[in-house]
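Just so you know, these numbers come straight off a predicted model, no measurement behind them.
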Amino acid sequence: MIDALLFSVNAVFPILLICAFGFYVRNNGTVSDEFLRNGNKFCFNYAFMAMMFSNVYQMQSFTEIRWNVVLFAVLGVMVLFVIGLPYVIFCVPKAEQKGVMHQAFYRSNYATIGLPLAFNIAGAEGLQLASLISAFSVPLFNILGVISLSAFSDQKQEKPVLFVIKSIVKNPLIQGVALGLVCVGVRPFCHGWTLANSNLRFIYKAVESLGSIAPWLSLVILGGQFKFSAVKRLLKEITVSVVARCFMAPVIGMLLVMFLPAKIGLPAFKPVECAALFALYAAPEAVASVAMADQMNADSELAGQILVWTALFSALSLFLFVAFFRKCGIF
């Protein structure tokens with residue numbers, strides 16, 4: 001049991017400490033709101049794109065893509081999407097809050113929290129696998145997010161399909177993964193030549209170094225963006241969203257991962273695969289959900305509160321889940 005607790009501490013606490021450091025430097029005046037806004041743009045537009053590219057570029061061929069893991073990643077997100085529908089339809093009276101709360105059931109902050117968590121649990125292999133999963137989960141989150149927000153909005157988007165396509169094409173994470181996949185695809189025709197082993201390897205080293213900044217700087221920025229405001233008016237909505245995102249989603253997701261393969265004749269998942277999928281299901285609410293709620297005339301204040309409180313309660317949930325799954329031999 002002590003081994004499981006120590007494993008959990010080492011997997012989760014580096015993330016929490018870096019977030020706490022971000023909160024500290026923001027509140028002591030070391031960094032400003034403008035720095036956080038610009039830093040967030042830098043991470044999202046450049047550093048994460050470089051990280052996604054370099055992680056995918058390290059693959060030798062497309063045969064390394066674990067399609068069974070990708071399938072379960074998509075399946076788990078879709079199951080959570082469907083589970084959340086009845087609650088928001090029948091139990092959330094305000095139209096502008098339905099889509100916001102629905103996102104809490106299925107949409108996680110996989111880039112900022114999930115990827116570092118997968119790395120801390122399963123090392124470089126876990127990070128590479130998580131990056132590949134993100135190539136499918138990020139566009140899926142965008143598509144489902146638009147569906148959730150537009151379906152319940154009183155002010156419909158004129159062209160929601162076009163909005164989804166543009167949000168996917170313009171997403172730097174998707175662009176980084178796509179560029180990496182293109183490079184992997186043409187590699188067999190380059191007679192063994194790669195950026196990493198050529199005279200131009202300084203380019204790859206620069207991109208790789210830029211990508212290594214992404215998860216840790218984004219955690220500092222996430223911590224700096226924590227703002228506590230009155231929650232009395234939104235207490236019920238926040239509570240339901242925290243339970244759904246931090247506890248229900250990882251339980252349902254991991255039940256699928258642990259028991260469904262045997263039912264359908266697939267081999268059991270390896271520890272590194274379980275770690276990457278767990279990080280997808282268990283990470284707190286996605287930062288992008290706030291901006292998307294604002295763009296689509298939903299309750300962005302509630303979205304911001306859900307972002308903050310799921311991030312805080314994930315400190316407890318991630319610690320408990322990681323310790324439990326380590327004790328059970330899943331990780």
For the atom pair [atom1] ([X]) and [atom2] ([Y]), what is the distance rounded to the nearest 0.5 Å?
| X | Y | atom1 | atom2 | answer |
| --- | --- | --- | --- | --- |
| Asn38 | Cys43 | CG | SG | 11.0 Å |
| Gln305 | Glu237 | CD | CD | 11.0 Å |
| Leu144 | Leu149 | CG | CG | 11.0 Å |
| Leu80 | Gln103 | CG | CD | 13.5 Å |
| Leu75 | Leu277 | CG | CG | 10.5 Å |

So do the side chains of [X] and [Y] get within less than 4.5 Å of each other, counting heavy atoms only?
| X | Y | result |
| --- | --- | --- |
| Phe278 | Ile330 | no |
| Leu234 | Ile306 | no |
| Leu302 | Met101 | yes |
| Met78 | Leu140 | yes |
| Tyr204 | Ser54 | yes |
| Ile113 | Pro284 | yes |

Residues Met248, Ile83; criterion side-chain contact (heavy atoms from CB on, under 4.5 Å); working and verdict: CA-CA 10 Å; Met248 187 199 76; Ile83 288 174; 4.2 Å; yes
Stepwise side-chain contact (heavy atoms from CB on, under 4.5 Å) test for Ser131 and Val177: CA-CA 8 Å; Ser131 297; Val177 171; 5.7 Å; no
Leu132 vs Val70, side-chain contact (heavy atoms from CB on, under 4.5 Å): CA-CA, chis, key distance, verdict: CA-CA 8 Å; Leu132 287 172; Val70 171; 5.6 Å; no
Under the ring-ring contact (aromatic ring centres under 6.0 Å, His included) test, residues paired with Tyr106 that sit two or more places apart: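 Tyr106 satisfies ring-ring contact (aromatic ring centres under 6.0 Å, His included) with Phe81, His102 once adjacent residues are dropped.
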Is there a path of hydrophobic side-chain contacts, each under 4.5 Å between heavy atoms of I, L, V, M, F, W or Y residues, that connects [X] with [Y]?
| X | Y | answer |
| --- | --- | --- |
| Val182 | Val184 | no |
| Val92 | Val243 | no |
| Ile203 | Met49 | no |
| Leu17 | Leu217 | no |
| Val82 | Phe141 | yes |

Of all heavy-atom pairs between [X] and [Y], which one has the smallest distance, and what is that distance?
| X | Y | result |
| --- | --- | --- |
| Cys246 | Thr310 | SG-O, 3.3 Å |
| Ala279 | Gly114 | CB-O, 3.3 Å |
| Ser137 | Tyr110 | OG-CD2, 3.7 Å |
| Phe331 | Arg326 | O-NH1, 3.5 Å |
| Ala286 | Ser108 | CB-O, 3.5 Å |
| Pro250 | Phe321 | CG-CE1, 3.5 Å |

Any pair counted as side chain to side chain donor-acceptor pair (under 3.5 Å), so long as it reaches residues 238-254, sequence neighbours left out: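 As it turns out, there is no side chain to side chain donor-acceptor pair (under 3.5 Å) pair with a partner in residues 238-254 once direct neighbours are skipped.
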Criterion side-chain contact (heavy atoms from CB on, under 4.5 Å) on Val207 and Tyr57, from CA distance to verdict: CA-CA 11 Å; Val207 173; Tyr57 192 81; over 6 Å; no
Do any side-chain atoms of residues 253-273 form donor-acceptor pairs under 3.5 angstrom with protein atoms, and if so which ones, sequence neighbours left out?
| residue | atom | partner | partner atom | Å |
| --- | --- | --- | --- | --- |
| Glu273 | OE1 | Lys270 | N | 2.8 |
| Glu273 | OE2 | Arg66 | NH1 | 3.2 |

Asn28, CG atom: more than 12 neighbouring heavy atoms under 6.0 Å: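 Yes.
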Tyr46 atom OH, neighbour heavy-atom count above 12 within 6.0 Å: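 Open: at most 12 neighbouring heavy atoms sit under 6.0 Å from OH of Tyr46.
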side-chain contact (heavy atoms from CB on, under 4.5 Å) partners for Met51, two or more places apart: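 Counting only residues at least two positions away or on another chain, Met51 forms a side-chain contact (heavy atoms from CB on, under 4.5 Å) with Phe48, Asn55, Leu115, Ala214, Pro215.
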side-chain hydrogen bond (donor to acceptor under 3.5 Å, both in side chains) partners for Asp33, two or more places apart: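 Testing Asp33 for side-chain hydrogen bond (donor to acceptor under 3.5 Å, both in side chains), a comparison that skips the adjacent residues, returns Arg26.
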Side chain to side chain contact (heavy atoms under 4.5 Å, CB included) partner of Val31, chosen from Val220, Ile221, Leu36: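 Only one option passes, and that is Leu36.
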Aromatic plane relationship, Trp216 with Phe119 - under 30° parallel, 30 to 60° tilted, over 60° perpendicular: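 The arrangement is perpendicular - the two ring planes meet at more than 60°.
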Trp67 ring center within less than 6.0 Å of Phe136 ring center: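 They qualify: ring centres under 6.0 Å apart.
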Polar side-chain atom of Ser314 near backbone of Ser317 as donor-acceptor pair, under 3.5 Å: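 No; zero donor-acceptor contacts below 3.5 Å.
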Lys205: partners by salt bridge (charged side-chain N to carboxylate O under 4.0 Å, His left out), with sequence neighbours left out: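 By the salt bridge (charged side-chain N to carboxylate O under 4.0 Å, His left out) rule, Lys205 matches Glu208.
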